[in-house]
Structures are given as structure tokens and as C-alpha cells.
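Here is the structure we will look at.
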Amino acid sequence: MATERMKVKAAVTADAIGKTVDVRGWVRTKRESKQGFAFVELNDGSCFQNLQLVIEQTVPGYADLLKQLHTGASLRAVGELKASPAKGQAVELAVRELELYGSADPDSYPLQKKQHSFEFLRDIAHLRWRTNTFGAMARVRNALCDAIHRFFQDRGFLYVHTPIITTSDCEGAGQMFQVTTLDLARLASLQATAGPAGGKPGGFEVDFGQDFFGKRASLTVSGQLEGETVACSIGDCYTFGPTFRAENSNTTRHLAEFWMVEPEMPFYDLDDNAKLAETFIRTILQNVLDRCPRDMEFFRERIDAQAIERIRSIVENDFVRLPYTEAITLLEQSGQTFEFPVKWGIDLQSEHERYLTEKKFGRPVILTDYPREIKSFYMRVNDDGKTVRAMDVLVPGVGEIIGGSQREERLDVLQARMVECGLNPDDYWWYLDLRRYGTVPHAGFGLGLERALLLLTGMANIRDVIPYPRTPKHAEF
RNA sequence: UCCCCGAUAGCUCAAUGGUAGAGCGAGCGGCUGUUAACCGCUAGGUUUUAGGUUCGAGUCCUAAUCGGGGAGCCA
């Protein structure tokens, strides 16, 4: 009869004691005695804990095997799970048979049984999964994604896939990455031949009619507009996928490629929208806390002492609701000196947001009704004519984690706003059709997945909460 | 894109303008139901690159490259 194959997660539980099992994974550390026996910490990623292997010299091939069991080596071990007599672990494996899959030459293997800097680990992102931090991160990220899907699925939201490649010129959301099959090297040489003026006024022009899609195409910066078409036809829905921004941002909170969750709901006003956003945040954070206690404990121990407490506080307390105009008044009356002076009409800066979330209230704040001049064309204009039905959810430490709005459902107002924002309404004919035929009030928001992970884990740099970060000049792996 | 800081052993860091060092990791030995084990010994360096100042540069100056932090833009 074959020995039962078991993952470390199952093996380290008390009810596994007494079983003879087969475990497989990678060596984290080895502590050995030259004459006696050795302890090996085995990790297979199934959970935070390692399984301690106790290897006596009676194990076949002991001497040769031990020489190769460096950090990073992979192996299969068979033996009996026993209650551990020593502190540090409840269960250990008394190894009877050991097989090495692959050694890891310590002269070249970059990971050691010590703490490495995140900067160093970023350069070996393909191996950083094998550290405590990135193992925990992988499991927390997975749990968060699952919680997000479960939240919407439980409420009857439809998961829809909006396009990654888009020909919508601009959504007011920043620089886009161009997608093309044109031969750029050839175009460059043609331009060189034609001269800078291209032999005619206006210079050298690229004919995008020759391009793959017959016009300029880009990677999406948001699935919102397409999401609205779904919401305004078959109801509550959400998108959850990668989005791309070609902005030259070099900060700890920005990525050129990141994942975004964007629900869109018909018959929702801004208040319904804010309620859903708040319930959403609190529910998914609670879910991760419940599901990954050991990983979260690690983040509390090693990364951010407030990690768990901060999440509990967010889960347990109501968010503050605050119209932009009142926020400006609060900031003006705060007695604080800000680098950027506060005045009605400005977009709030990081320092202003921090004052509100960290000093004034000490919890998340939902700011609403921003000046129309600083917000996108699709946000519903209020009766005062000066503000729009926008909302930003700001959280302590991270800043803006959600941006959303009630959408403008009135055709004439929307068209006027497009012109005001310098857009050509003809380019958005399909978007405007939603207002021409059976228009409904509707609303939605977007959550940056990596921002939520920063909040959850207390990690300082967004490049360390996504497996392979893309930032300006960086697309290795 | 702007401002500030940094780059020294595999990793993390020291070194008044005057012989480049420690801890960890690695190898060897010792000791031990060990827990990022412990103790001893050994090996390990074109001080990011290119110029410059100086009798002498890891150290001062200039530039480039790379990295970090902050800001803007935003999720």
C-alpha cells in the first residue's frame, strides 16, 4: 500500500500524529550534528509553518544526503508524524526514507537562512516566493481575491470580462499603453528619409488605418465604461482584472500594471454606492483575517506591529462620510500648516488626506461631492452645478483605496460634460446610447487590489504585494 | 517628471584623506533534541562605472548607471 501523500499544512496538525506520510517540499534551514542526527525545516507553501524533519543517521544515504540539504534543496521524505518533545513545534516527522529531488548550491543560491532586504528580493522575484514574507503574501493575496469574488457572488453580482485592449481614446484616467503591430523600426526609418517635416506641412503621419485594429488601440485603464453597459442591461456586475497606466509614477503606491475590482450597479445612487463600498471593504478584510491567521500574525510580528489591530478597527467601526466642502472647512480650521494651501476647488493632497484619516478621525473616510472641475466627465452633476457625485474612500496609511461615483444618466448633461472635458462625444456613441435608450441612475466604484493588500499586510512598497511588479524601466521576469 | 539620500565580501553593514573590517551565509572541526542553535578555524574584495583633485581617494569634486525615500498623477 502506498504511503499517504500529505501537504505540510495537514501534517503539522495534531490529528495527523501517528500517521506514516510522504511529504515533499523545499529546505528552509538545516541544523545538524556531525555524528548524531539533523533537523530540517521543510516548507511546501501550503501554509506558513514548516514541518520539522528529524533525520537520524540510520536513514539510508544519510551522510551524502546531509551534505546536499542546503537551504533551497527539494526533497521527498517518508516517515511517521510524532508529537514533538521539544518546544517550537507540536508535530515533527521521524524520517525513515529520504530522497533528494534537487540540490541548491549554496555558493550561487541567493537565499540564505536569514532575513533579506526587500530591494534584494525584488531582483530575484522568481525565488522570493520561497521566503516567509512572500509565501504569506501569496496566500493572503489569494484569500483576498477569493473573498472579493465571494462577496459579489453572494449578492448575485455577475462577474464579467471587459476587454483588455480598447480603442476608447481616453477615460480621464491617465496615460495609456499603445497596442500596435505596426513596424516601428520601419516607420522610424521612413520618417528619417522623409525628413522631420515629412515633406509636407504637419510632418510625418502614421496611418493607423494600417494597424491591426484599423485605429489606435491601447491597454485598458479601466473596465468601467464597458461595465456600465452590462449594469444598464442585465444588472449588478463586477469586473476583476488587470489594468494598465503608462504614467511615469515612481512611488511606493503605483504600478504600471495592477489589478482592479470594479462593481457597477443600476438603480444605485451615491449613498447606495458608498454603503456597498464600506460593507465590501469591511467584509473582505474580515474574511482574510479569518482565513489567514498565521500569515497575518507574521505580518504583525515582522512587518507592521499594527497590521492586525488596524484591520480589526476598520472592520469594527463605521466609516466617516464627509462632503468635500465640509472637508475643506475642517482642513482650513485644523490649525495645521500644509505644504499645499487648502482652498475650495483644489484636489486634496496626500497630506490633507492623511490629516483627515489619521489625525482627525483615525478611521476610513468617504469623501463625496467633489468640485466638477477636478473630476471625470461621467460623474453625475449635482443640483448646485458646482459639484459632482464622486466618492473616494480614504484609509489611514494607504490613502485612496477606492474611487467611485454615481454616473451621469442624463444624455444632454453628459454630452455637455464631455465637451467641457475636451472629449469628442462621437467617440463615445455607444456609451451615450445607454442614456438614449432606457437610461437609469447607476453607480459604481473601483478598488485597487494591491492598495488593499498594502492595507492588509502593512507592507511599505506596492512592488512587494504583486508577484512581478511593472514600473517605469522595470519589466523583468 | 521634480526634490533628497545611497552604492564597500554571497547578504546586512563598519572604516578621521594614510595597511579595507565585523556579523550572517559558505567550507572544515567541535558540541548539542536542535529552533535564524552554539563554539573554534579557514576561504572570500578591480570599494558600481568613467574622469578629476591630491604625495596618497572607499572617503573630496564632476558625470553616468542603478537603488531607496518623499512629491505630483492616481487605484
* Closest-nucleotide 5' rank along RNA chain B - winner of A:Lys67 and A:Ser117 ->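 The 5'-side residue here is A:Ser117.
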* **Comparing A:Pro110 and A:His70 on RNA chain B - which has the more 5′ nearest nucleotide** =>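 The residue mapped nearer the 5' terminus is A:Pro110.
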* Over 60° means perpendicular and under 30° means parallel, so classify the ring planes of A:Phe157 and A:Phe152, tilted if in between. =>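 Rings of A:Phe152 and A:Phe157: tilted, 30 to 60°.
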* What orientation do A:Phe298 and A:Phe48 show, parallel under 30°, tilted 30 to 60°, or perpendicular over 60°? -> tilted
* Any side-chain donor-acceptor pair under 3.5 Å between A:Glu226 and A:Thr162? -> no
* To do: Would you kindly say whether A:Ser218 and A:Arg216 are connected by a side-chain donor-acceptor distance under 3.5 Å?
  =>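 No, A:Arg216 and A:Ser218 have no side-chain donor paired with an acceptor closer than 3.5 Å.
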* To do: Output the residues of residues 444-451 of chain A in contact with RNA chain B, where contact means a heavy atom of the residue under 4.0 Å from an atom of the strand; sort by number or write none.
  => A:Gly446, A:Gly448, A:Arg451
Please classify the nucleic acid contact of [X] as base, sugar-phosphate, or nothing, using heavy-atom distances under 4.0 Å.
X        : answer
A:Thr251 : base
A:Asp123 : nothing
A:Arg28  : nothing
A:Thr29  : sugar-phosphate
A:His254 : base
A:Asp107 : sugar-phosphate
A:Leu111 : nothing

So, [X] versus [Y], ring centres under 6.0 angstrom or not?
X        : Y        : answer
A:Tyr159 : A:His161 : yes
A:Tyr109 : A:His70  : no
A:Tyr238 : A:His149 : yes

For nucleotides 33-35 of chain B, list the nitrogen or oxygen atoms of the protein found under 3.5 Å from its nitrogen or oxygen atoms, one pair per line.
{"unit_1": "B:rG33", "atom_1": "N1", "unit_2": "A:Glu92", "atom_2": "OE1", "d": "3.3"}
{"unit_1": "B:rG33", "atom_1": "N1", "unit_2": "A:Glu92", "atom_2": "OE2", "d": "2.6"}
{"unit_1": "B:rG33", "atom_1": "N2", "unit_2": "A:Gln52", "atom_2": "NE2", "d": "3.1"}
{"unit_1": "B:rG33", "atom_1": "N2", "unit_2": "A:Glu92", "atom_2": "OE1", "d": "2.2"}
{"unit_1": "B:rG33", "atom_1": "N2", "unit_2": "A:Glu92", "atom_2": "OE2", "d": "3.2"}
{"unit_1": "B:rU34", "atom_1": "O2'", "unit_2": "A:Arg31", "atom_2": "NE", "d": "3.4"}
{"unit_1": "B:rU34", "atom_1": "O2", "unit_2": "A:Arg31", "atom_2": "NE", "d": "2.7"}
{"unit_1": "B:rU34", "atom_1": "O2", "unit_2": "A:Arg31", "atom_2": "NH2", "d": "3.0"}
{"unit_1": "B:rU34", "atom_1": "N3", "unit_2": "A:Gln52", "atom_2": "OE1", "d": "3.0"}
{"unit_1": "B:rU34", "atom_1": "N3", "unit_2": "A:Gln52", "atom_2": "NE2", "d": "3.1"}
{"unit_1": "B:rU34", "atom_1": "O4", "unit_2": "A:Gln52", "atom_2": "NE2", "d": "2.7"}
{"unit_1": "B:rU34", "atom_1": "O4", "unit_2": "A:Gln89", "atom_2": "NE2", "d": "3.1"}
{"unit_1": "B:rU35", "atom_1": "O4'", "unit_2": "A:Arg31", "atom_2": "NE", "d": "3.4"}
{"unit_1": "B:rU35", "atom_1": "O2", "unit_2": "A:Gln89", "atom_2": "OE1", "d": "3.1"}
{"unit_1": "B:rU35", "atom_1": "N3", "unit_2": "A:Lys87", "atom_2": "O", "d": "2.7"}
{"unit_1": "B:rU35", "atom_1": "N3", "unit_2": "A:Gln89", "atom_2": "OE1", "d": "3.1"}
{"unit_1": "B:rU35", "atom_1": "N3", "unit_2": "A:Gln89", "atom_2": "NE2", "d": "3.3"}
{"unit_1": "B:rU35", "atom_1": "O4", "unit_2": "A:Lys87", "atom_2": "N", "d": "3.3"}
{"unit_1": "B:rU35", "atom_1": "O4", "unit_2": "A:Lys87", "atom_2": "O", "d": "2.3"}
{"unit_1": "B:rU35", "atom_1": "O4", "unit_2": "A:Gln89", "atom_2": "NE2", "d": "3.3"}

* Asked: So what does the secondary structure string of RNA chain B come out as, 5' to 3', with Watson-Crick or wobble pairs under 3.5 angstrom, [ ] for crossing and | for pairs with another strand?
  -> (((((((..((((....[..)))).(((((.......))))).....(((((..]....))))))))))))....
